[in-house]
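Shown next, in structure tokens, is the structure this report addresses.
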Amino acid sequence: MPADVTAEMAAGIAAGAGERGARRAAALRVGLPAAALVVMLSVIFAMQPRAMSYFGLSVLLNFTLPAIFAAMAQMAVIAVGDIDLGIGPFLSLVNCIAATLLATRPLFGWLALAALVAAYAGMGALIHVRRLPSIVVTLGASFVWLGLALLVLPSPGGAPPGWLPALFAWQPPFVPLPVLASILLAALGQFLLMHTSYGVVLRGIGGHPRAIARAGWSLLAGRMALYALAGASGVIAGLALTGLNTAGDATVGAQYTLTSIAAVIVGGGEFVGGIVTPLGTVIGAWIMLLAGSLLSFLNISTDWQLSVQGGILIVVLGLRALNRWSAA
Amino acid sequence: MTGETGAALVELRGIVKNFGAVQALAGVDLEIQSGRMVSVVGHNGAGKSTLMQILGGTLAADGGTIRVAGHGVGAGYGVRRAGALGIRSVFQELSLCPNLSAEENTRVIHSALAGPGWRRRARRLIGAALDAIFPGHGIDPRRPVGDLPIGQRQMVETARAFTETDRKVRLVILDEPTASLDATATGQLLGYTAEARGRGIAVVFISHRLPEILGHADEVIVMRDGQVVGSGAAGQLTEAQLVEMMGVMRAAEPAQMAGAREWRGEIRVAAAARPDARFAVTVRAGEVVGLAGLAGHGQRALLRAVFEAAGHRRGALQVNGTVASVSGDRRIEGIFPLWSVGRNTTIGCVRRLARFGWLSPAREAAVAEEWRVRLDIRAPDIGTPILSLSGGNQQKVLVARAFAADADIILFDDPLRGVDVATKRELYRHVRRAAEAGRAFLWYTTENAELENCDRVYVFYRGVVTDEIAHAELSEERVIGASFGAEPAIAG
């Protein structure tokens, strides 16, 4: 009897430890970036107490809206194990359409934006059916977006319809718009991807596509759905950018390619597919955004911003690789 | 419900499946009655996995008819149709999504688990199935299955196949479900299949452990070379009978044997036996040593270990000399598709051909040409793109690369799979000649007939060598017996 009991106890303890370990790993995935965000905000508030107000936060988080929607678009693509290198120029294209067509011929403008979402779904279909690497297709598409943007608006200028800037200048009571939008977007994304029953299938495609196909689901439909979601998020991001800039520019979105990828990864996502969280992605987008502000508070030239953002990405991936080695 | 009425739950007639020129299934008939457990046994390439994939709907048959519950299912038979008909498969490679939890993986196969509260229902469903099959399993259905140890993952996968929503389970295909389960869980699963059969569920059970089959199945089907060669009630069969049915010596390719010889060459590879094994592995210069057994029982792991340990001692494995490797999976592990035949040949020995870091095109061409002629590679010249060659000739180029590398030890990872007979014969001759010149060969093959070309054969079972057979004593019965873990003494 004693031997049995001890063996059982040992097994129980081991199982308990494993369970706790796994829970902790899952919690760390979102918890770590959340903690990093709290630290960053604390530093900023300590250096600039004035930032800790409705108005201060609004200024500090000015460009949050395009950033979180671009990150969400990227997350939808990374969720199936792909990557989107064209989201930045895509934002520019939306920006140029919103600053021209949408104001002059609204119906035409909306149709153009809807066509862009459909183009994203089509890109997903192309990648799936032809088994092309997403990195090539989206990189190719990025030049198409850029070219179309230049056709629509050859030189910076134009003006969006009046309601667009007004929408993004809206000041909701108590909570600044960027904060409110972030919370709502994270909650909506979290619900759609993590809690609905189809969200499970979509994440499963990223994890083990053959298993999903064997269960009778269409991989084509799943990938198209996620790419369409990415396209829709990209359109919203581009509109937000236009609302804030109140003008069109065919190169304005370029930086969002890197920052959106970084946001997903820093927010706990993985390139392998199926391992992303909308909440983490929104937090990641905030971190990338505030990294720039933190630099300017520290009197470091904003020329360094891109290097720092890229550096954060490399550090996070490096630490994760170290963690995996030590766990193995 | 069973037998007499003649209405089998599943009825396969004349199922044919070809992969290229290879016929995997040559007209298979199979009947499965409700509430019965049928076991399918066979050696490598017998066609059992292919047959199960066709039954499960993941592979389309090239010919034959499938009837389920008396209704013919037409050309549109696929996973979706199989699922709707209540046929569930538990595959050898796990088909769970590692990033999803057990409850989420359960939802994936049940379209009824949708709408509000689906998660709670899924958790209850998989939890109940796990409790019923593997009491005391200790699995949290909310954890991503990728975090679970392999045994528990297998439990989740197995339990998932028995879950029912509005879709009832009628047939569960268990393809080697016990390979990664411990003794307790195996016993629990086999006990549960009896209970499930009582409820009218049919089970197809594939295992490499013959005692499990004889002890629990109702009926055993023996397959060989894509055909059913025997069947019977499990209670009336013995292990020896099964082994005999699985392997009747086929007409082997003419072997190029020099006859029995005393091997006095230098020891090239020495792998100590594991504490639980009776045989150690040794390979001497000039010897061709075959590695046999069912696929995935440790042969490839040995090749990989030898490759990695090349030239130095590593733990219980001693490798003395340089190593070159030829893989049968040439598209992934072999050829450089954009290069010429010549480049593909000499890439293994560029270091030897280079002087002060510079390659001499003339010397490179000379070496490539020499091997093209020696192995009779059918290409107009060494500048021909490799992809314009036939599969057999591409494989010859890979062998030429290994020979040209002038390695002491050559590892063959089933290199002649899917190669035509004429090419095979030629290559056997070249292997023999190279061995006579002092090279050592370690040759893993899934075709038992190929073992005829080896001086000695080691048979693997669950990561351990279970028999060592000298060429003179080689028989397919003995190889198959050892591949299913039988003690060598039985065969004698």
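The sequence lines fix the lettering, A, B, ..., with proteins before strands; numbering per chain opens at 1.
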Say you draw a straight line from CZ of B:Arg119 to CE of A:Met194; how long is it, rounded to the nearest 0.5 Å? 8.0 Å

Under 3.5 Å: donor-acceptor pair, side chain of B:Asn99, backbone of A:Arg203: yes

Over all atoms of both residues, closest heavy-atom pair of B:Val108 and A:Trp217: O-NE1, 2.6 Å

So B:Pro98 and A:His208, do their side chains get closer than 4.5 Å, heavy atoms only? yes

For B:Arg120, I'd like to know if atom CZ has over 12 heavy atoms of other residues, nucleotides or ligands within 6.0 Å. no

Are there more than 12 heavy atoms of other residues, nucleotides or ligands under 6.0 Å from atom CZ of A:Phe271? yes

Name the member of B:Ile109, B:Asn105, B:Leu96 that forms the most heavy-atom pairs with chain A at distances under 4.5 Å. B:Leu96

Verify the neighbour count for atom OH of A:Tyr198: are there more than 12 heavy atoms of other residues, nucleotides or ligands below 6.0 Å? yes

Out of A:Gly206, A:Ala213, A:Ala215, A:Gly273, return the one with the most heavy atom pairs under 4.5 angstrom to chain B. A:Ala215

Within-4.5 Å side-chain heavy-atom neighbours: B:Leu113 and A:Ser197: no

So do the side chains of A:Val201 and B:Arg107 get within less than 4.5 Å of each other, counting heavy atoms only? yes

Least distance between heavy atoms, A:Arg214 atom then B:Ser95 atom: NH1-CB, 3.6 Å

Among B:Leu100, B:Leu148, B:Thr58, which has the most heavy-atom pairs under 4.5 Å with chain A? B:Leu100

Should we count CG of A:Leu180 as having more than 12 external heavy atoms under 6.0 Å? yes

